[in-house]
Structures are given as C-alpha cells and as structure tokens.
Amino acid sequence: MSTLEGFEKAKMIAEMQQLLGSEVKDLEEGFVHYLYNTLGRNVNSDAYYQFKALSYTVRDRLMHHWKKTWHAYNEGDIKKAYYLSMEFLIGRSLTNNLLNLGVETQTEKAMYDLGLSLEEIEDAERDAGLGNGGLGRLAACFMDSCATLQLPVMGYGLRYEYGMFKQRIQEGFQIEEPDHWLGFGNYPWEIQRSEYTRVVRFGGQTRMFTDPHTSKLSSLWENTSDVIAVPFDVPIPGFKNETVNTLRLWSAAAVEDFDLTQFNAGSYFEAVSDKSAAENITMVLYPNDTSENGKELRLRQQYFLVSASLQDVVCQWHHKYNGDFTNFAQYNVFQLNDTHPSLAVAELMRILLDDYFMEWTKAWEIVSSCMAYTNHTLLPEALERWSVPLFEKLLPRPLEIIYEINHRFLKQVAMKWPGDQNKLRQMSIIDEHNHVCMAYLAIVGSFSVNGVAALHSQLLKDGLFNDFYRLWPNRFNNKTNGVTQRRWMASSNPGLRALLKSKIGEEWITDLSQLSKIEDFVHDKEFRRSWMKVKRENKKRLAQLVKKTTGVDFPEDSLFDVQVKRIHEYKRQLLNVLHVIHLYSSIKRGQVDNWTNRCVIIGGKAAPGYAMAKNIIKLVNNVADIVNNDPDVGNKLKVAFIPNYRVSAMEIICPGTDVSEQISTAGKEASGTGNMKFMMNGAVTIGTLDGANVEILEAVGEENFFLFGLKTPEVEEMRHHYNPHHFIDSDEDLRAVLGLLESGHFNQFEPGIFNDIISSIKSSNDPWMTLADFRSYIDTQKAIGLAFQDHERWNTMSIINSARSGVFSTDRTMMEYNRDIWKLTPIAHNAK
Ligand code: 26W
C-alpha cells in the first residue's frame, strides 16, 4: 500500500471512530476500556479512577466536534475574539460536559448498570481552582456562553500547577494548604499541544541598530533569558450544538532541560536553578484578589501569558496571509480581563515593530483597534502599577515601547488641554513615583473600555477614569455581568430543572428570558407547592454539607441566610457578624417575640497576607462556637463558617439559600455575580444599592428585594465627617453588640485578639463605614424574619426572583459584548 493510501485509510478509520456512540452500552464500553486498558484498574477501584475513565470516555465524544469547530474557525476569513485572562475558575467539568453533550441520562444508566453511582463519580473530580473569585469565575461562565452561542472565541490563560489554596479551619483560624489540583497524573480534560510551543523572552538589554529592511534606526532586544510556553487545550462544549471551543492554557518549561555550558563548567546548581526558575512561572496562582503587591514573579506571569498568546495568534495569521497584516485588526479582537493582561498593548506593538518590521503608526493603528479592556474594580489598592526599575530589568524592550506610547499619548493630552501641566501629570502612563500604570496603558491602547454593571461603569466615567472619559467619551461602555444558567441552574439544581421542564419546557437553558413564563404560575397552588418542595430538598442537601464540613446541625425549616464570597472589609462580612451577635444578644435578653429561626452561613477565603480578613474568619468561627453551644439558643440561631469555599461548594449552596447577603459599602462592589446565582435559584436578596444589586432591584421591584443602607453619594458625602460614635451613642442595640464583643465574650481564652477589628469599625477613618449602616441593616433583617414567617408571601418572592433573573445570563452578556465590541458572526459548523 502506498503512503497516500495508508494515510487515506487511517483517516477513514479515524473518522469512523470519531462518531462514537452515545447509547448506554457505548458509554459503558468506553468507560470500561479506559478503566482497564489505560488506567489499569477494576470497576470497583477508587472513585477517582472511575472519574478519570468516565472523563476520557466523554472527551472522546467531544473530539470530533472539537476538530470540526477548530477547522470551521480557521477556514476562510472569520473574525475571532481572544479572551486574555490570568484566571479561569472552571471548577469541575464532568457534570457540565455531560449536560452540554446531552448524555447525562444514558451515562447515569451506564454507571448504574455497572453498580456505580454517577453522583459519587462526579464528586471525585477536583475543582480546577485557577482563579480567585468573581473575575475568574466570570471568565469561565463567558467561555460556556460563547460556545453555546457558537461565537468563535478562544480563551487564553495559564496552566498553574497549584491553583487557589485549600482552606482548612484550625481552632477558628484559616490555614492555607497547597492545592495540587492536577493530582498525580494529567488533567483528563486537557490535550497537550507541544507543536504550538512558543518562546518568551525576559531580561537582557536593548541596543539600537540600523534595520536592513527599512534602513531605519531600530531596537534590538538581546542577551535574553528565554522560557518555553507549552499550550494545553481544554475543550469548551456548547449546549447540545456540536460546537466545542478552546481554552488554551500555557505551561512554562525551561528552554533546554539544563544549560549545558553552565553544567559543563561545573555550575550544576546554577544550571538546575535556571531550569526551575523558568518552570516557576506557572507554578502557582497568586491568591490576592484585591491588593496588588508588586511581585516580580507576577509580572513575569503576566508577560508570559500575553507574549505566548499574541505570538500564537500573530504567527498563525502570518502563516495564513503570507505576512500581510492589512486586515489583521478587522479579523482579530482581544478582550483584556482587567489590567492583568494589559501588557498585550505593548507586546503586540513589539511583535509588529520588531518581528515584522512594521512602521510605528501602522502598528499602532492595528493595536489600538483590536484591544478592548474590561475593568473589574474601583478599589485603588487593586490598580496595578509596576516600578520602572523592575520593568526595565525584566522587560527592557516592552518598556521602551511603553515610553513611546506615553510620549505620543501625552502630546494628544496637551492638544486637548493646552498648558495644563496637571493633566499631563495625572494622565501619564508613567506616574510621579516612577511606576507604570497598567490601567492607563490599557485605556490608551484600547478602542473599548467597559465596567461590569451599570453603576460601576458610571462611577468609572465620573471618577477613576474621568480624564480619559473626557478625552474619549465614545470608548466607554457598560456590560453588566451574568452567570451561565447551564451550570448554576440546570446542573446544580436538578429539582428545579425538573419542575421548570414540567411547566415551561427547557428553552430557558439557552434563553433565560423564558423564565418569565413561570410568573403565570405564581398563583397556581400545585406549582407553588412544588416550588417550596424543591427548595426544601435543596436545603436538606445544603444542611448535609454543613453537617459534614462543620458538624453543625441546621434545621431545614429555619431561614437559611448565606454570605459566601472572598473575605474582604469592603464586602462587610463584619456587618453580618454584628447582626448575628445582635440576634444572640436578643435571645440572651429574652427578646424573642415573633422570632424566626435562622441558620447563618458565612464562607470564603482570605488572602494569606491580609491579616484583617483572616481575623474576620476567626471572629466568625468564635461567634459560631459560642452561639451553637449555648443551650439558651437552641434552634433559634445556628452559625456555620463553611471551610474551603469554591465552585463545587457553591453548586450546593446557592440552590439551598433563602436569603442572599450582598451588603458591600455602596460604590465598592463592581458587580457581584454570586448575587445572580442566588437570585436564579429563588433566593431573596438583602443588599445595598451597589454593583449589579441595582439592576436586580430594578428587575424584581422593591417588594421583592430587601434594600438597606447608604447610597453611593451618601457614603461619599458622609465620609468627610464620619463619626461612628454618633451611631453608637444613639443606638442601644449597637451598644449591646459592641459591649459583648469588647467584653471578650467571644474570646475568653484569647484576650485581645479582636482588638484590631473593634478599633477599625469604631474609627472615623473606617473606609467601609460599617456602623453607619448598622441600624438600617438590623431593621431590614427584622423585616426579613417576619416576611419568612408568611410562607406564602415568601414563596411568591422566591418565584418572582427566579422568574425575573433572565437578564443575568452570560448569554445576554456575551451577545452584548459581541454586538458592541467584538462583532463576530456565529459559526455553526454542523450546517456545513
Ligand atoms: C492583585 C491584583 C488583582 C486585582 C484585582 C487581582 C484580582 C483582582 C480582581 C479585579 C478582583 C475581582 O475578582 N473583581 C470582581 O470581579 C467580578 C467580575 O466582574 C465582579 O463581579 C466583582 O464585583 C469584582 O470584585
């Protein structure tokens, strides 16, 4: 047989095999095959191996469509978007992929026939914790929606060896443990693609030289230390549509295993440590979600992501269009997930100038028309600034380019505001303290700048980026966040899914606005009963999780009051604790008329270096300990701190929640996305007028939302004359709460440990103004307690919250990004 015939034959066999069956017996066969032949295990092996075998079986069924999707995107002239993000918090994938493939029922049966439980197998999957919180989870929801909408969008991120740390609670304190999520083998969902390996350069120097192509003076970046970027592709299936998009995660490796010259010269140590320095780059995710701490390794990570990803895109373009970049910006758009990948602006300039010898103005025209920047925070401490000396040492050539970008930009500023030295100083990408301001670099280099909720986008224009807004008003826009209903309803709330199916079918899975149809049943007795029953079952499931992880018993008829998110002063878990102490003190004083039994859950991770946040965790645990063990309290109040809050925990938590706590100081939470997950699953929100709460309130109406607290302008106004003692002096309940705290009631054997917390909330400099909202919060919680006693009223609120959550799907968010920013055409490869 000739090589060609052999090739044709292999192709035929492969194509036949690619259309693997999805019948029960096919899935069973695949599973047993992997378990026996690949993993060398029996059917009764550890659940972890069963999970792996099943994942390979499922992945096989994605391969053909993955390849087809890839080809459809790369044939012809198709515009593509690239989502550049340091974080993709994907969590588990098995359940999600079964859902999107539409083979859950068959798989469950296949496992059952083998004497196994699909649920237990799914539970053996470790979360891919490649993100901190909101921003990382948002990226994962975006990926899911883009695949479902068949948008040609590719995610680019980092394959951290260690994801977000695992949180353990020991004597009430947070203990961080490394999360080696890859376990001992490989991640079953990834395919290593060494053929697309890229080289990323660091260090060295630049030297001017005369470019032979243009005879112009150019810069040469030499004597660099190089690191290899190896891509690992993760499939992102759309919902039952045969589209499989790609998330490409880069892993760092040394250029050569050892530097042989160093090795032969007897520098064994240096040779090996250079290798590990290279591999260090993708070793661990930085666990800080707000304060930027200027670490060199973090800057390396950012450049590594950006450089590898841009080279990937540009090289493929160069190949396909023979080096003609005329239409590059017309067919490629990069969405920057916060400032973390904003070096993309400088790096794409560098590639076009140095590697493809383009002229500055032409290159800038391309760069500034294919970059778009999303801001996710207003907190000044989160705004990334890198010191120029560090930049110079690590990235001398990109720094030169940033200087030139800034020089040309400041000329524009001077034209707009002639003679205004202040403006030049305020807007310069290089600030007065000799730092590179990454947000300004991102704005200057992008054609679109967006915030993540209506209020947040407005505050960006009025405050933080006001000068830039005045210079380029059309660049600024809003894209309110969302969450994917596939993960956050269809897969995490099967009871609700079944009920919805019986009433309104399943269209809501790809069109969440359909949920409004359940409002027609709001007076239907049978539907109302079923709705309550579903919630009850979910509360049972949540109570089991609480029992298992904390030992605390939650009676299911209590009000389940939940706040889970990163621990941060601005999110005001402390306000929640003050309320818990208030309830406790009321019980102790016998003030229990009209009492509503309540179970309070708080969960979340504190950045390891954030002492105050860690202390808040300790306080929650100490209060829980006292409350749960006081016989006077009984079932009136239970408190639990859920350890190791993560995506897979939220999948159980949000369906079982009655009250969703969204209580940040107004003007501080950019959007929030947990608020949307709770709402969809029929929880009622207690919240300030902050982030996307504003839009949730607008959707459900005041009668279905518990609003409290100061509004953003009131916060800003009061800040100048904030006096917490004014609130303490005029509020007996607040005095009682602080009295208990200060008496050491919650830290009898640990004197003084909460002093910092107490003095921070009593300080007139408390930026989060916790005590200013105390009275209004307590009163609103009281109203919630009463409302919950009226089961029918509560049930109506619950149904309406879910019914009106349609707009908070990332399907809507992605359609808006596409309509206003990306302008991609959906591609249905199956139609071809
Ligand atoms: C250390 C540098 C740093 C700075 C900021 C790391 C990570 C951040 C993120 C911006 C923090 C974050 O996750 N922000 C959240 O983004 C969500 C998605 O848009 C919003 O819903 C949250 O309100 C916002 O806090």
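Just so you know, ligand 1 is whichever comes first in the structure, and atom 1 is the first atom listed for that ligand.
- Using cut-offs of 30° and 60° for the angle between ring planes, the Phe708 and Tyr777 rings count as tilted.
- Every atom of ligand 1 is numbered from 1 in the order shown, and the set under 4.0 Å from a heavy atom of Val452 is 19 (O).
- Taking Tyr440 as the reference, nothing meets the side chain to side chain donor-acceptor pair (under 3.5 Å) condition, with sequence neighbours excluded.
- Below 3.5 Å of separation, one finds an N or O of Leu135 facing an N or O of ligand 1.
- For Gly672, the heavy-atom gap to ligand 1 drops under 4.0 angstrom.
- Residue contacts with ligand 1 include His340, since one of its heavy atoms falls under 4.0 Å from the ligand.
- Between Arg298 and ligand 1, no N or O atom pair is found at a separation short of 3.5 Å.
- One side chain, Glu384 or Gln302, offers a donor N or O that lies under 3.5 Å from an acceptor on the other.
- Listed by atom number, the atoms of ligand 1 under 4.0 Å from Asp338 heavy atoms are 10 (C).
- The N/O atoms of Asn481, backbone and side chain alike, include one that comes under 3.5 Å of an N/O atom in ligand 1.
- The protein heavy-atom contact nearest to atom 8 (C) of ligand 1 is Asp289 O, 3.1 Å.
- Put simply, CD1 on Ile281 and CD on Glu161 are 13.5 Å apart, with the number rounded to the nearest 0.5 Å.
- Using modelled atom types, one finds no donor on one side chain facing an acceptor on the other under 3.5 Å when comparing Arg486 with Asn96.
- Rounded to the nearest 0.5 angstrom, Ile443 CD1 and Met427 CE are separated by 8.0 Å.
- Every atom of ligand 1 with a heavy atom of Ala670 under 4.0 Å away is listed here by number and element: 23 (O).
- At the shortest separation from atom 1 (C) of ligand 1 among protein heavy atoms lies Ser291 O, 3.5 Å.
- Between the choices Asn288, Leu89, Leu138, the shortest heavy-atom distance to atom 6 (C) of ligand 1 belongs to Asn288.
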Validation: residues 680-694 side-chain donor-acceptor distances under 3.5 Å, sequence neighbours left out:
from   : atom 1 : to     : atom 2 : distance (Å)
Asn681 : OD1    : Asn493 : ND2    : 2.9
Asn681 : ND2    : Trp488 : O      : 2.9
Asn681 : ND2    : Lys677 : O      : 2.8
Thr688 : OG1    : Ser664 : O      : 2.7
Asp690 : OD1    : Gly667 : N      : 2.8
Asp690 : OD1    : Lys668 : N      : 3.4
Asp690 : OD2    : Ser664 : OG     : 2.7
Asp690 : OD2    : Lys668 : N      : 3.3
Asp690 : OD2    : Glu669 : N      : 2.9
Asn693 : OD1    : Asn675 : ND2    : 3.0
Asn693 : ND2    : Gln662 : O      : 3.2
Asn693 : ND2    : Thr688 : O      : 3.0

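- In terms of protein heavy atoms, atom 4 (C) of ligand 1 is closest to Thr290 O, 3.6 Å.
- A perpendicular orientation is assigned to the rings of His433 and His435, their planes being inclined by more than 60° (bins at 30° and 60°).
- Using bins of under 30°, 30° to 60° and over 60° for the plane-to-plane angle, the ring pair Tyr817/Trp822 lands in the tilted bin.
- Among protein heavy atoms, the minimum distance from atom 25 (O) of ligand 1 is reached at Glu669 OE1, 3.0 Å.
- Remark: ligand 1 and Glu87 share no N or O pair separated by less than 3.5 Å (distance only, no angle test).
- Among Lys565, Lys571, His376, the residue whose heavy atom lies nearest to atom 24 (C) of ligand 1 is His376.
- Looking at Val452 and Asn375, their side chains never come closer than 4.5 Å, going by heavy atoms from C-beta outward.
- Every atom of ligand 1 with a heavy atom of Tyr570 under 4.0 Å away is listed here by number and element: 25 (O).
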